[in-house]
Amino acid sequence: MIAGNSPLVTLWIGPALGRVERACLRSALRHGHSVTLYCYSEPQGVPEGVTVADAAEILPESRIIRHRSGSVALFSDLFRYHLLARGLGTWIDTDVYVVRPIDQARPHLFGHQSVNVLNGAVLRLPADSLMLAALLDLFEERDVPDWLSAEEREAAAARLLAYGRTGLALMPWGTAGPDAITALAHRFGVYDQALPQQAFYPAHVSQSRWLLDPTNRLEDAVLPDTMAIHLWSNLIRNWKDQPAPAGTVLARLHAEGA
């Protein structure tokens, strides 16, 4: 292990890790990072070397919230912001495959998922960051996010008036994630610290099926300044644990996560 690499923290809700998630966690360990996996009950398949921690020490299980789609990604946003506020490490999604040690020097660490949109699949913010405070405040649901469309702002304002809360779970996907990170990075003057897309998102969100093409290799997505590859688990969830075509990146991930 390479001494001193930034500790990584993440969350899992569910009975078992899939092979893709196991491969990703192992990739972080392989590049010298300690990894702490927070969960409310320990899932099956945690790779050797990963530390399991009680998520209830950060937020009680009763605080779990789901987006209107049913996804716990919204709670994952809240949980990561609380971890960062406690200074417990650099957040990394469980579908991020590490190819080089992740930068440990930058107090603000996030990257472009596209030209004008940032993402928090890999995220580090100072515990006393005003941007982080604003991200946490968003979950109080007392203010209408100004990055929503006019129609969505009107709907949120109506909910606030009627029920006393803006209804974050009813807002569009990404409101408290990429959209919030992008808007608040601009607001607090740290947007220019975002790393280029190839740092963490060399495979664009629209290209999630590249994992199934046997003409692709994982190394093809790795550029000189790529540290990790976000695999867009939400988009591949219906087939990421299905039998993988021979010779594909998915087959490689399955082998590494077996």
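These values consider heavy atoms only, across backbone and side chains, with no hydrogens, waters or symmetry-generated copies. Positions are given from 1, in the same order as the sequence printed here.
- Put simply, CG on D137 and CG on D143 are 6.0 Å apart, with the number rounded to the nearest 0.5 Å.
- Panel note: side chain S208, backbone W232; no donor-acceptor pair is recorded below 3.5 Å.
- Cluster membership for I58 and L8, using ILVMFWY side-chain heavy atoms within less than 4.5 angstrom, is not shared.
- The hydrophobic cluster containing V96 does not contain L218, counting ILVMFWY residues as joined when their side-chain heavy atoms lie under 4.5 angstrom apart, directly or transitively.
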### Message
Before you tell me yes or no, could you show the steps for L37 and T51 under side chain to side chain contact (heavy atoms under 4.5 Å, CB included), namely the whole-Å CA-CA distance, both residues' side-chain angles and the distance that decides it to 0.1 Å?
### Response
CA-CA 6 Å; L37 178 70; T51 300; over 6 Å; no
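- Between Q197 and H204, some side-chain heavy-atom pair lies under the 4.5 Å cut-off.
- In terms of modelled atom types and a separation under 3.5 Å, the side chain of T226 and the main chain of Q198 share a donor-acceptor contact.
- Atom CG of L211 is separated from atom CG of L235 by 10.5 Å, given to the nearest 0.5 angstrom.
- Put simply, the side chain of W91 does not reach to within 4.5 Å of the side chain of Y81, judged on heavy atoms.
- Looking only at distances, no side-chain donor or acceptor of W12 sits under 3.5 Å from a matching main-chain atom of E21.
- A heavy-atom distance below 4.5 Å is not found between the side chains of I64 and F79.
- Hydrophobic clustering (side-chain heavy atoms under 4.5 Å, transitive across Ile, Leu, Val, Met, Phe, Trp, Tyr) groups L59 together with I65.
- Taken from CG in D93 to SG in C24, the straight-line distance is 9.5 Å, to the nearest 0.5 Å.
- The heavy-atom pair separating L17 from P47 by the smallest distance is CD1-CD, 4.0 Å.
- Side-chain contact check for R209 versus D213: every heavy-atom pair is 4.5 Å or farther apart.
- Looking at H67, its side chain never comes within 3.5 Å of a backbone N or O of L74 through a donor-acceptor pair.
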Worksheet item: Given the rule in the side chain to side chain contact (heavy atoms under 4.5 Å, CB included) test, do R30 and V98 qualify, once you have shown the distances and angles that lead to the verdict?
Response: CA-CA 9 Å; R30 191 162 57 245; V98 179; over 6 Å; no
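- Other residues, nucleotides and ligands contribute more than 12 heavy atoms inside 6.0 Å of the CD atom of E219.
- What you find for I229 and A221 is that their closest heavy atoms are CD1-CB, 4.0 Å.
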Could you walk me through whether I92 and V9 pass side chain to side chain contact (heavy atoms under 4.5 Å, CB included), step by step?
CA-CA 6 Å; I92 187 168; V9 291; over 6 Å; no
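- Listed for the R26 side chain is a donor-acceptor partner under 3.5 Å among the backbone atoms of E256.
- Connection of L250 to V99 is established within a shared hydrophobic cluster, with ILVMFWY side chains joined at heavy-atom distances below 4.5 Å, either directly or through further cluster members.
- Rounding to the nearest 0.5 Å gives a distance of 8.0 Å between CG of D95 and NZ of K240.
- In terms of heavy atoms, D225 sits closest to P196 at OD2-CG, 4.0 Å.
- Between the R68 side chain and the L170 main chain, a donor and an acceptor come within less than 3.5 Å of each other.
- Between V20 and S233, every side-chain heavy-atom pair lies at or beyond the 4.5 Å cut-off.
- Heavy atoms only, all atoms of each residue included: L148 and M171 are closest at CD1-SD, 3.8 Å.
- No path of Ile, Leu, Val, Met, Phe, Trp and Tyr side chains, each step under 4.5 Å between heavy atoms, connects M227 with V222, placing them in separate hydrophobic clusters.
- Donor-acceptor pairing under 3.5 Å is lacking for the side chains of Y38 and E57.
- Within the model, atoms CD1 of I236 and CG of L231 stand 5.5 Å from one another, a figure rounded to the nearest 0.5 Å.
- Residues E48 and R22 are not paired through a salt bridge, judged by the lack of any N-O separation under 4.0 Å between the basic side chain and the carboxylate.
- In this structure, the separation between CZ on F75 and CD1 on I13 is 5.5 Å, given to the nearest 0.5 Å.
- Within the 4.5 Å cutoff, the side chain of L135 has heavy atoms near those of the L184 side chain.
- Taking both residues in full, the closest heavy atoms of P202 and A228 are given as CD-O, 3.8 Å, listed atom of the first, atom of the second, then distance.
- Contact check for R187 versus L130: no side-chain heavy atoms found under the 4.5 Å cut-off.
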Please report, to 0.1 Å, the donor-acceptor pairs under 3.5 Å made by any side chain of residues 107-126, with sequence neighbours excluded.
| residue | atom | partner | partner atom | Å |
| --- | --- | --- | --- | --- |
| H108 | ND1 | Q193 | OE1 | 3.4 |
| H112 | ND1 | S114 | O | 3.1 |
| H112 | ND1 | V115 | O | 3.1 |
| Q113 | OE1 | N119 | ND2 | 2.5 |
| N119 | OD1 | A121 | N | 2.8 |
| N119 | OD1 | Y201 | OH | 3.3 |
| R124 | NE | T90 | OG1 | 2.8 |
| R124 | NH1 | D103 | O | 3.2 |
| R124 | NH1 | R106 | O | 2.5 |
| R124 | NH2 | T90 | OG1 | 3.1 |
| R124 | NH2 | D103 | O | 2.4 |

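- Side-chain contact between P172 and E152 is present, with heavy atoms from C-beta onward closer than 4.5 Å.
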Candidate pair L25 and L29, rule side chain to side chain contact (heavy atoms under 4.5 Å, CB included), full reasoning
CA-CA 7 Å; L25 294 176; L29 294 171; 5.7 Å; no
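- Counting all heavy atoms, side chain and backbone alike, A180 lies closest to W147 at CB-CZ2, 3.6 Å.
- Counting only N and O atoms by type, the side chains of S76 and R80 include a donor and acceptor under 3.5 Å apart.
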